[in-house]
Amino acid sequence: MSDEEERPQWDNKAQFLLTCIGFAVGLGNVWRFPYQLQSNGGGAFLIPYLIMLVFEGIPLLYVELTVGQWLRKGSMGAWIKINPFLKGLGICSLFVSFLVGMYYNTIIAWCLYYLCNSFQDPLPWKSCPVVNGTSYITECQKSSSSEYFWYRETLHITSSIEVSGGIQTHLLATMILAWMIVALCLIKGIASSGKVVYVTATFPYLVLFCFLVRGVTLRGASTGLRYLFNPKIELLSDPQIWLTASTQIFFSLSLAFGGMIAFSSYNPKDSDVEVDTLIVCVTNSVTSLLASVVIFAVLGFKATVDYETCVEGNIQTLLDFHDLPEGNITVDTYDTFLIERYGSYFGGIAERGLTNCSVEANLDDGVSGTGLAFIVFADAILEMPGSPIWAILFFLMLLTLGLDSMFGNIEGVLTPLNDIGLTKKYRNEFVVVGIVLVSFLVSLTFIQGSGNYWLDVFDKYAGSIPLLIIAFFELIAVGWIYRYDRFNNELSKFLKPRDNLFRKALYWFWWATVPIISPILLLAVFIYYIYDSIITPLKYDAWQESLGDNISLSYPGYVIAISVVITLICTIWIPLGAVVELVKRVFCGHQTGRVLNVGEVGYSVKETGHYNSGYDHNLADLPRAVTSGNDNLPYDPPANKFPYIDDDNISKKE
Amino acid sequence: MKMKIFLILSLFIAGGSSLTCDPASNEVKVTVKLADPSEFDDYDQYLFKGLVAYSLQKYCGTTTCSPSSLEETDTVNVHISNKTDRFAMCVAVDDCSIDTLTKAIKQSKPQFNGALELSDTVLLVDGILPTLKPQTIPDFPTWLIPFIVFICLTVIAAIAIIAYTVHQTKKRKKRMLSSSSGDDDDEGSDHIYENSGAATQL
């Protein structure tokens, strides 16, 4: 059926861009970047961040998008075409996308649960449950109502990773819904997901804008923003900050998943990939900044509200002590009162045993990740007038942010499987449902009581180091194994001509970064990451019901073994693939995608009627005689597929 | 000399302590958090006395109190003393222990709040923790309602997509059957590969 041989295409450029932006812009932009920005020098952090964006993020994305667009294959097919020794690289990307997709959808399930709980007033995390009519549940009292709702009522978290706690039915329900939505959006491949991203990629911006307007008009917002952007220039001399910046930009752009390669493989060949790269990278960073402003405006508001509550508690104590009527001391006159009566602010606090209230201290309790979204921000929303609406908007935004990132993850599995022909026998719809079903079954791990702990394990070991390794090899593959000059020559055939200053500047920019600067930077990040992983003890924060707080526990042996297995699954294929190829060449004497030299007449000429132009390509369109069995070819059977190289020569020849 | 007096006075003010009621004389501290202490004037205090008497009569009417005479408590038996600017006062009832008094007031607290037009946060009685509003547990978990809506929407979307696909395949089959030459018909799908024409040139 020729329909399946023909590659799907995007309906228009906007779909492609929105899909890439949606994939790059994810939950990390909202809950990781603001925290990184604030704790690594505030406004000064923008300097290393932008420098790393230019020298690491943009070149890496450029490599991925061009490779996909040029070779019209997902990660597996593309890297095999670049060099058959790299067949493992695509497999690694596939596994990483698969593993990350599994736990990422759990976060979407959590968002769905919170979303469904936001349709009521008052919001369920506003107050602690009452026991015996006179007191609150101890766990809730010791922590807070939002923490209780997150840890107890949503996660039903156990006290350690070893205690399973059973599958939580309410999370099972939302998980099923989440996977159903993902399956539906991807059921027709990019034909369906390309339409959905019109909504999922743009809706977060709408919500961020609403929150921006609401946020900056709240009292205390300026305190939060000042705290966020306060530049600590002296921190820039610390190399840690630079490494943090490069780590942040790397993970922010969703690189090395194979998703970007897959998306650009559906592009027309002459799509302006350089400008596309710039658009996606710039949009991603601007979104991060916008989200930071929103988050810290709201956090500043929350810190101010907490400060006022703290001060009011102190005021009550003072009023009781001095027998003064209500209203004699207000939040504004609190400081002056203390100074008048006790000589100094701290003297007064010490003498009366008051708590030292401070807005900065409240902001210092920096949180990132799920804690930020589901505890701190949910708590802040309670103080806003009309909180259910803001809660609905916020969790819908998180939902759409996560959903289009899921598309990238699943596409990173689907496209390579399709390209190597493993799934050619089956209808695409069934493949999607199959992948979703398998992922769903494994993701049941994350909705048991200890699910959150398992999610952190997967995140640390599948979602970080393997990505760095894969990205490094991607750069080396293009820059050194295939050689960047050959790569550039290929690209110049279908990229825009370099006739103006902008294009010329970009040309030299890619030359400087892709083979040289970016691999060095990536290597530095990788070494730092390894070092950091080694020195941090293998511990995790476990929530204790009796304490209403986290304690630090060590991972048991079998969990460490599982994490090693996870990292291996995602990385071992690179050396393994090279070894398999070596064995094939040495022992069997044939090659996948054998290199043809100038003038060499092989089956290729008879079958396809063209020859290679003298470049040492790996001609993927080799005849079937070379390998057995048609269906497992890692490349296109020549008769049905338009050869990807030498379009110009062919038209000249005929 | 004046300075010394001033110093002593200020020390006294700074070192002053809040009102403490004498438990030996069965006094219970009651605080009324008002901005203007004169709002709780003598008339309100008389009403308060009446309420205390009411609460004791009610409490001792239903459960037995140790001196059974408490059943007939009247406003003359209630004594208010040590009124401060906070506004706080010490309340004592003849022959009534602190325990009984606290229990009686706790039972009738809503009436106290209502009659004086105060609330649990404004009218504080030592020894009584404010009763917390119990969570109304709905019969049907509230979150399930939007959840069911979302599930239904998803199922409807799934059915729509399946129906559309089936409809498309039927249409294509019909077209393929009706056209005699059986040429490659791709116009139904949007997967037109732009360069597919060139392949046939080779």
Side-chain angles (χ1 to χ4, degrees), chain A residues 2-9 11 112-113 115-120 124 127-130 133-136 170 173-174 176-177 180-181 183-184 187-188 191-192 268-269 316 319-328 341-343 351 429 607-610 639-643 647 650-651 654, chain B residues 10 13-19 31-39 84-88 122 124 129-135 137-138 141-151 153-155 157-158 161-162 164-165 172 184 186 188-199 201-202:
Chain A
S2 57
D3 285 354
E4 279 149 39
E5 309 287 53
E6 291 172 349
R7 204 164 185 79
Q9 296 270 289
D11 286 348
L112 269 172
Y113 184 68
L115 177 65
C116 293
N117 270 298
S118 304
F119 285 88
Q120 46 184 298
S127 51
C128 284
V130 172
T134 47
S135 59
Y136 296 119
H170 56 281
T174 48
I176 292 176
L177 178 60
M180 274 172 69
I181 296 177
L184 267 181
I187 198 87
K188 297 244 167 244
S192 53
K269 249 186 140 170
Q316 286 298 310
L319 288 175
D320 275 338
F321 189 81
H322 293 282
D323 278 323
L324 295 165
E326 201 74 10
N328 219 341
R341 292 282 179 137
Y342 297 94
E351 207 173 314
E429 286 87 341
E607 289 250 358
T608 59
H610 71 281
N640 293 326
K641 238 3 195 142
F642 183 73
D647 319 353
I650 285 154
S651 48
E654 304 305 313
Chain B
S10 61
I13 295 169
S17 59
S18 60
L19 175 68
T31 321
V32 184
K33 293 199 216 169
L34 291 169
D36 186 4
S38 61
E39 272 178 31
T84 67
D85 263 347
R86 182 68 179 87
F87 180 88
V122 179
L124 301 172
L129 301 163
T131 32
L132 308 160
K133 199 164 49 160
Q135 279 179 322
I137 300 176
T142 329
W143 71 274
L144 270 183
I145 301 170
F147 177 74
I148 291 175
V149 170
F150 292 143
I151 287 260
L153 285 174
T154 319
V155 169
I161 290 179
I162 295 174
Y164 181 70
T165 320
R172 205 177 298 155
D184 227 20
D186 298 315
S189 73
D190 47 358
H191 300 329
I192 310 273
Y193 198 96
E194 54 191 358
N195 296 318
S196 58
Q201 287 174 18
L202 299 169

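Letters A, B, ... mirror the listed sequences (proteins, then strands); counts begin at 1.
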* Name the region of Leu34(B), side chain, backbone, both or neither, that has any atom closer than 4.5 Å to a heavy atom of chain A. => backbone
* Structure fact -> Those residues at least two apart in sequence (or on a different chain) that pass side chain to side chain donor-acceptor pair (under 3.5 Å) with Ser192(A) are none
* Asked: Which bit of Ala183(A) is near chain B, if near means a heavy-atom gap under 4.5 Å: side chain, backbone, both or neither?
  -> neither
* Starting at CG of Leu153(B), measure out to CE of Met180(A) and round the result to the nearest 0.5 Å. => 10.5 Å
* In terms of heavy-atom proximity below 4.5 Å to chain A, should Thr84(B) be classed as side chain, backbone, both, or neither? -> side chain
* Asked: Minimum heavy-atom separation for Pro146(B) to Cys116(A), with atom names?
  -> CG-O, 3.2 Å
* If you tally heavy-atom pairs under 4.5 Å against chain B, which of Ala173(A), Ser127(A), Ser118(A) wins? -> Ala173(A)
* Partners passing ring pair (Phe, Tyr, Trp, His ring centres under 6.0 Å) against Phe147(B) (at least two apart in sequence or in another chain) -> Trp143(B)
* Structure fact -> Minimal heavy-atom distance between Ala157(B) and Leu184(A), with the atoms involved, is CB-CD1, 3.9 Å
* Which answer fits Ile187(A), side chain, backbone, both or neither, if we ask what part of it has an atom under 4.5 Å from a heavy atom of chain B? -> side chain
* **Straight-line distance of Leu124(B) CG to Asp320(A) CG, nearest 0.5 Å** => 8.0 Å
* Roughly how far, to the nearest 0.5 Å, is CG of Asn117(A) from CD1 of Ile145(B)? -> 11.0 Å
* Once you round to the nearest 0.5 Å, how far does CD of Glu429(A) lie from CD1 of Ile162(B)? -> 9.5 Å
* To do: Quick one: which of Thr174(A), Leu112(A), Ile176(A) has the most heavy-atom pairs under 4.5 Å with chain B, could you say?
  => Thr174(A)
